[in-house]
Visitor: 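Here you go, one structure.
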2 protein chains.
Amino acid sequence: MPTKRQALILAEIVRIYNETGQPVGSKTLMNQLPIRISSATIRNEMAVLEEDGLIMKNHTSSGRIPSTAGYRYYLDHLLQPSVVSPQTFSTIAQDFDHEFHEIDDIVKQSANILSNLTNYTSISLGPETANVTLTGFRLIPLGDDQVIAILATSMGSVESRVYRIPTSISSDDLEKAVRIINDRLVGLPINQVKSLLKAEIPRVLTRYLHSPDGFLDLFGDVLRHAAAEHFYIGGRSNLLNFAQSDDLDRLKSLYQLLDKESVLPSLLNLRQPENSSATKPPSGPISVRLGDELDNSLLADYGLITARYHVAHQGEGIIAILGPTSMPYSQLIGLMQLFTDELVKKMYEYYDQFHDDS
Amino acid sequence: MPTKRQALILAEIVRIYNETGQPVGSKTLMNQLPIRISSATIRNEMAVLEEDGLIMKNHTSSGRIPSTAGYRYYLDHLLQPSVVSPQTFSTIAQDFDHEFHEIDDIVKQSANILSNLTNYTSISLGPETANVTLTGFRLIPLGDDQVIAILATSMGSVESRVYRIPTSISSDDLEKAVRIINDRLVGLPINQVKSLLKAEIPRVLTRYLHSPDGFLDLFGDVLRHAAAEHFYIGGRSNLLNFAQSDDLDRLKSLYQLLDKESVLPSLLNLRQPENSSATKPPSGPISVRLGDELDNSLLADYGLITARYHVAHQGEGIIAILGPTSMPYSQLIGLMQLFTDELVKKMYEYYDQFHDDS
DNA sequence: TTTTAGCACTTAGCTGTTCTGAGTGCTAAC
DNA sequence: GTTAGCACTCAGAACAGCTAAGTGCTAAAA
């Protein structure tokens, strides 16, 4: 536990290091600190901070930079979000000023706006599909032997995919199957639909249809796509802004990491393993995880600012900023608060068009 | 015009430089060349090649590397495609061994396969939509006041998008409008549909509908999306493989360039300005353009291998490899020939499912 | 007990020098 | 026309010296 003065010094080191990118020495601190103490005193205090593992030096006679633990302490105890400038505010409002046809377009656009605003990479995931229900399933024949399968959910999201009609199944049977699906499954949560699809539905269909397999594959496929979480990543190329030029290999791996949809959920701390007290979910709508906490060696020098937002009747969405450990957290967190507010507003605007009954 | 021996030396320089990445000196050449001549003779010949602008040196006493003009000459006169190894062949066949539901999935996959195979970045564009016709348009109501608009083309491609029903228009009118569209436009080439949409259709609709604007916007939007060329880019991160670590900024610009859909057509030499004899379209199905020829200062050190392929009744598709000026062209061109063959085969396989009448 | 001035010490990074290896251009002989 | 030989050039590595920034420690002052 650092003393109050030590904390002040730590905060100042974080601030200056963020501004300059250079290690901070005792003299610089003496000139910048609001209290009048000598550089020698600061050196003594810094020695303590270093013993506590909150700051470190690159070599014996260099200034200090915050360690990951130091950032952690700063984030937990010292940081206060700064207020966002009015023009930033109006930039956001302006960028969102489109008419969106699909919720995913909003999510996608949010990632782009945020990465433009911050010059970091951002990851956006729309409101979760947890308690979303199936509202309809259609098969529309298209020409010769193609159909388009359309699956609609209570979220207003629509998944449509094109299939070849399995030759094993008659169009009569298809109609029957669609009717059965709609009769039995509309109104149920997607997750339940998924599990029913494995057990009950095949039994029911076999009773009425000759060979239900082709249809089941088709329905399962479109369902899987509808239920999948779609992450949107904005400003990938911003990763190049702060990469040291000597680790192109790591950078490449990182790029490939972001393209793998499978790692993003764990990165954003979804699907937490149940009793892992090690990395417990951060509290509060905005949280920051640094280095090791991201559970990926590639991200040792990175930080992730995650903001969760709630959309009534829909669930929780997430938007995050990925950048170097040293980011201007104070500004960014202030920005994220405002940003999610605007994003949620836009989403309500979108949903209100449909669900006036909510 | 280099002599035969000079050409031999040039080809060898290209080969060795591609293998080692290092400038090639006269002694190395003496050991590698199939003919027995001394290093001094080689030096004399190289002096001539340098005068002709085909090779150059980094500094007074370094080995030679091929200049862009040298590569150009090599490509036009000396290169012969090498034969692809059987295991590469089977890798390609294996990677294509999926059942694809949409033509765009094949195009997308082709970009991924090619970039994995070559460790370069690849750009893929499906068969052009030039003589593709509209085969149907549907509006399917979804719940409250959403519709999904579906536009199908003779290529078997389907574009579906979700819209809010414009409040200005009654569902009765919508049905009428859809009927009119189908009666008048089905069977016409997409391009013609586009132009009719600007002139005739609005007039016709106004006769039958109260306020056709909302519908026209909607139809125009889905049409625009259906007619747009969708480029798929595979292996973006491979750009990092051969980037000098000191030009991160250029690299970033390049990344952003590739994300701009608007520059890709000109990069692939589509929509050639009519009388530009400067960069005349390269002949043959596979062509290579280098440095300046790409008309983009960011690409001064890059080369683009473009392969065109023809799919009967559909049009021309393009797939390209983007890499450094120094690529193993011999292998890559051999590979591209095989690859497009496989790709075309796959596409016929796909289309044959629908158009048995072709 | 805390703070401060002073000083010896450390280190990265810059500068300049030297040395070496690879390669060239040229000349004179073959 | 070809080759051997030689002087010359240049990048890059290795090394030393210097400077600027910063540290830790000690002893005196507050």
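Chain letters run A, B, ... following the sequence lines, proteins first, then strands; residues in each count from 1. What you see below is based on every heavy atom in this structure, not just the backbone, and it leaves out hydrogens, waters and symmetry mates.
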Visitor: Quick check on B:Lys57: does its NZ atom have over 12 non-hydrogen neighbours (other residues, nucleotides or ligands) under 6.0 Å away?
Guide: yes
Visitor: Tell me: CD1 of A:Ile9 to C1' of C:dT3, nearest whole Å?
Guide: 13 Å
Visitor: Closer than 4.0 angstrom, basic N to acidic O: yes or no for A:Asp295 and A:Arg289?
Guide: no
Visitor: Measure the distance from NZ on A:Lys27 to P on C:dC7 and round it to the nearest whole Å.
Guide: 13 Å
Visitor: Could you tell me how far apart B:Ile65 (CD1) and D:dA11 (P) are, to the nearest whole angstrom?
Guide: 14 Å
Visitor: Can we say A:Asp301 and A:Arg250 salt-bridge, meaning some charged N sits less than 4.0 Å from an Asp/Glu carboxylate O?
Guide: yes
Visitor: Ignoring backbone atoms, test whether A:Ser62 places a side-chain nitrogen or oxygen under 4.0 Å from the OP1 or OP2 oxygen of C:dA12.
Guide: no
Visitor: Examine C:dT4: is either OP1 or OP2 under 4.0 Å from a nitrogen or oxygen in the side chain of A:Ser38? Give yes or no.
Guide: yes
Visitor: Near DNA chain C, under 4.0 Å by heavy atom, which residues of residues 43-60 of chain B?
Guide: B:Arg43, B:Met46, B:Lys57, B:Thr60
Visitor: Output the single nucleotide from C:dT3, D:dT9, D:dT2 whose closest atom is nearest the side chain of A:Arg5.
Guide: C:dT3
Visitor: Given atom CE of A:Met30 and atom C1' of C:dG6, what is their separation to the nearest angstrom?
Guide: 14 Å
Visitor: Does this structure show an ion pair linking A:Arg236 with A:Asp259, if we count only N-O contacts that are shorter than 4.0 Å?
Guide: yes
Visitor: Does B:Ser39 reach the main-chain N or O of B:Ser26 with its side chain, forming a donor-acceptor pair under 3.5 Å?
Guide: no
Visitor: What closest approach, in Å, do A:Met46 and A:Gly25 show between heavy atoms, and which atom pair accounts for it?
Guide: CE-C, 4.4 Å
Visitor: Check whether the side chain of A:Ser61 and the base of C:dT10 form a donor-acceptor pair under 3.5 Å.
Guide: yes
Visitor: Regarding B:Thr41, tell me which of base, sugar-phosphate or nothing describes its non-hydrogen contacts under 4.0 Å with the strands shown.
Guide: base
Visitor: As a quick check of understanding, evaluate ring-ring contact (aromatic ring centres under 6.0 Å, His included) for A:Tyr255 and B:Tyr255, giving each step before the final call.
Guide: CA-CA 12 Å; A:Tyr255 260 99; B:Tyr255 258 98; 5.0 Å; yes
Visitor: D:dA4 C1' sits how many Å from B:Arg36 CZ, rounded?
Guide: 13 Å
Visitor: Nearest whole Å is fine: how far is C:dC26 P from B:Ile42 CD1?
Guide: 18 Å
Visitor: Given C:dG23, D:dG24, C:dT4, which nucleotide is nearest the side-chain atoms of A:Arg64?
Guide: D:dG24
Visitor: Could you state the CG-P distance from B:Leu29 to D:dT2, rounded to the nearest angstrom?
Guide: 16 Å
